[in-house]
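Just so you know, these numbers use all the heavy atoms, side chains as well, and skip hydrogens, waters and symmetry mates.
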Amino acid sequence: MFASPSGWGYDRIVGALANLGHPVSDQTVGNILRRYGIQPAPKRSQNTTWKDFIASHMAVLAGTDFFTVEVLTWRGLATYYILFFIHLESRRVSLAGLTKHPTAEWMIQMARNVTDEGFGFLRGMRYLLHDRDTKFCAAFLDILRSSGIQPLALPPRSPNLNAFSERWVCSIRQECLSKLILFGPGPLWRVLTEYSAHYHGERNHQGKGNLLLFPQAPDKSGQSGRSIRCKHRLGGLLKYYERAA
């Protein structure tokens with residue numbers, strides 16, 4: 001089966017097929033493409049769908065968002081905002097920080113952290129998806145642009161366009177946060193980091209072939225018939241099964 005890149009025109013496809021020993025005319029190529037509802041290359045480039053854009057930029061595309069968690073403090077309930085980033089291709093998540101007051105100064109520091117040339121999470125990224133929350137202030141976006149990252153503000157009320165970020169929030173809420181009562185920001189941060197470790201190395205992902213994202217190095221002892229052990233985090237809330245060494 002031959003599949004051409006989406007931007008190829010009729011003549012380019014004819015040439016590529018000729019290289020494979022299949023001489024056809026550009027008229028034949030045009031007829032086949034029209035049969036499947038595919039427009040000529042110039043029109044295709046003007047009508048790129050959001051799905052096609054995401055698929056073709058996964059390696060250099062990240063998303064960001066906030067979610068909130070209420071914790072008990074000695075003054076009563078307090079709401080904390082958690083800022084995170086996710087690389088769409090690998091699904092790797094970075095917890096940028098948490099705060100009760102996501103001020104412009106705090107956001108500027110977060111932007112500096114994730115764009116740091118040495119260890120910033122957004123190194124190598126070209127685009128960042130975000131909603132129109134006013135917490136993504138002008139200064140925050142300017143720092144991204146100065147680092148070569150183009151912020152892409154999504155239309156209002158369109159969480160499905162940042163689906164990878166939304167899915168991660170859904171996962172941590174359903175699998176972890178909804179089952180805990182937290183006392184203060186310290187325990188909250190511990191829970192977030194423990195779930196992050198579980199998410200990256202101990203949880204199978206259906207969207208990635210039902211595999212672990214970043215599995216630990218396999219045991220090379222060569223032993224057979226080893227017993228299975230259960231590793232757990234947060235008192236058994238998060239579990240992971242593996243062969244015992």
Side-chain angles (χ1 to χ4, degrees), residues 54 57-71 73 77-173 175-177 180 182-201 213-214:
I54 295 292
H57 293 87
M58 290 280 279
V60 293
L61 187 56
T64 187
D65 205 351
F66 281 93
F67 65 97
T68 59
V69 179
E70 288 190 337
V71 302
T73 70
L77 281 176
T79 299
Y80 280 85
Y81 294 82
I82 297 94
L83 175 66
F84 70 93
F85 296 82
I86 181 169
H87 179 212
L88 269 58
E89 183 176 60
S90 67
R91 308 295 200 274
R92 185 183 291 277
V93 172
S94 173
L95 296 166
L98 64 83
T99 181
K100 288 199 295 184
H101 306 290
T103 62
E105 290 76 15
W106 188 82
M107 291 298 294
I108 289 171
Q109 186 59 54
M110 295 301 102
R112 290 171 177 164
N113 292 346
V114 296
T115 58
D116 183 89
E117 293 183 359
F119 55 85
F121 182 77
L122 296 182
R123 287 178 304 155
M125 298 295 106
R126 289 179 54 194
Y127 304 100
L128 180 68
L129 305 178
H130 65 92
D131 60 25
R132 294 178 181 267
D133 193 322
T134 55
K135 290 189 283 295
F136 296 112
C137 58
F140 173 86
L141 301 178
D142 286 343
I143 293 175
L144 296 180
R145 294 188 185 98
S146 66
S147 299
I149 300 167
Q150 179 60 45
L152 299 178
L154 302 174
R157 296 182 295 278
S158 58
N160 57 307
L161 300 185
N162 198 6
F164 292 93
S165 296
E166 295 292 333
R167 184 66 186 87
W168 189 79
V169 173
C170 181
S171 295
I172 192 172
R173 287 196 186 281
E175 299 172 17
C176 186
L177 293 173
L180 297 170
L182 299 169
F183 296 88
L188 171 58
W189 187 251
R190 175 175 174 267
V191 166
L192 295 174
T193 54
E194 285 287 290
Y195 181 82
S196 179
H198 174 75
Y199 172 89
H200 288 115
L213 293 181
F214 307 100

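Contact of the D133 side chain with the D65 side chain is not registered, since no non-hydrogen atoms from C-beta on lie closer than 4.5 Å. The shortest distance between side-chain heavy atoms of W106 and H101 does not fall below 4.5 Å. Contact annotation: the side chain of S171 approaches that of Y195 to within less than 4.5 Å [non-hydrogen atoms, C-beta and beyond]. A 4.5 Å side-chain heavy-atom check between F136 and D131 finds at least one atom pair inside the cut-off. Using a 4.5 Å heavy-atom threshold, the side chains of L161 and P155 count as touching. Under the 4.5 Å side-chain criterion, counting only non-hydrogen atoms from C-beta, L177 is in contact with V191. Considering only heavy atoms from C-beta on, F84 stays 4.5 Å or farther from S196 through its side chain. Y80 has its side chain within reach of V71: a pair of non-hydrogen atoms, C-beta onward, lies under 4.5 Å apart.
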Apply side chain to side chain contact (heavy atoms under 4.5 Å, CB included) to W189 and L98, showing your working. CA-CA 8 Å; W189 187 251; L98 64 83; 3.2 Å; yes
Can you list the steps and then say if V69 with L182 is a side chain to side chain contact (heavy atoms under 4.5 Å, CB included)? CA-CA 9 Å; V69 179; L182 299 169; 4.2 Å; yes
Please step through side chain to side chain contact (heavy atoms under 4.5 Å, CB included) for the pair L152 and L128, ending with a clear verdict. CA-CA 6 Å; L152 299 178; L128 180 68; over 6 Å; no
Check the pair M125 / L61 against side chain to side chain contact (heavy atoms under 4.5 Å, CB included), numbers first and verdict last. CA-CA 6 Å; M125 298 295 106; L61 187 56; 5.9 Å; no
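Within the model, atoms CG of L83 and CE of M110 stand 7.5 Å from one another, a figure rounded to the nearest 0.5 Å. Interatomic distance, CE of M58 versus OH of Y127, reported as 15.0 Å (0.5 Å rounding). The OG1 atom of T99 sits 11.0 Å away from the NZ atom of K135 when rounded to the nearest 0.5 Å. In this structure, CG in L129 is found 11.0 Å from NE2 in H57, a value given to the nearest 0.5 Å.
Checking side-chain atoms of R173 against main-chain N and O of C170 turns up no donor-acceptor pair under 3.5 Å.
In this structure, R92 forms a cation-pi arrangement with F214, its terminal cationic atom sitting closer than 6.0 Å to the ring centre and no more than 45° off the ring axis.
The two residues N162 and G63 make their nearest non-hydrogen contact at OD1-CA, 4.0 Å. For the pair V93 and H200, the tightest heavy-atom approach, listed with the atom from each and the gap, is N-NE2, 2.9 Å. Of all non-hydrogen atoms in L213 and S90, the two that sit nearest each other are CD2-O, 3.7 Å. Of all the heavy atoms in M107 and F140, the pair that sits closest is O-CD1, 3.2 Å. Closest approach of H87 to F121, counting heavy atoms only: N-CZ, 3.8 Å. For the residue pair P151 and L141, the shortest heavy atom distance occurs at CB-CD2, 3.8 Å.
Among residue pairs with one or both ends in residues 138-153, those qualifying as side chain to side chain donor-acceptor pair (under 3.5 Å) are D142-R145; sequence neighbours excluded.
With ring centers used as reference points, F67 lies 6.0 Å or more from Y81.
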Side-chain polar contacts of residues 111-118 - donor-acceptor pairs under 3.5 angstrom, sequence neighbours left out - could you list them?
from	atom 1	to	atom 2	distance (Å)
N113	OD1	Q109	NE2	2.9
N113	ND2	Q109	O	3.4
T115	OG1	A111	O	2.7
D116	OD2	G118	N	2.7
D116	OD2	F119	N	3.1

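Ring geometry for Y199 against W168 counts as perpendicular: the plane angle is over 60°, on a 0 to 90° scale with 30° as the lower cut.
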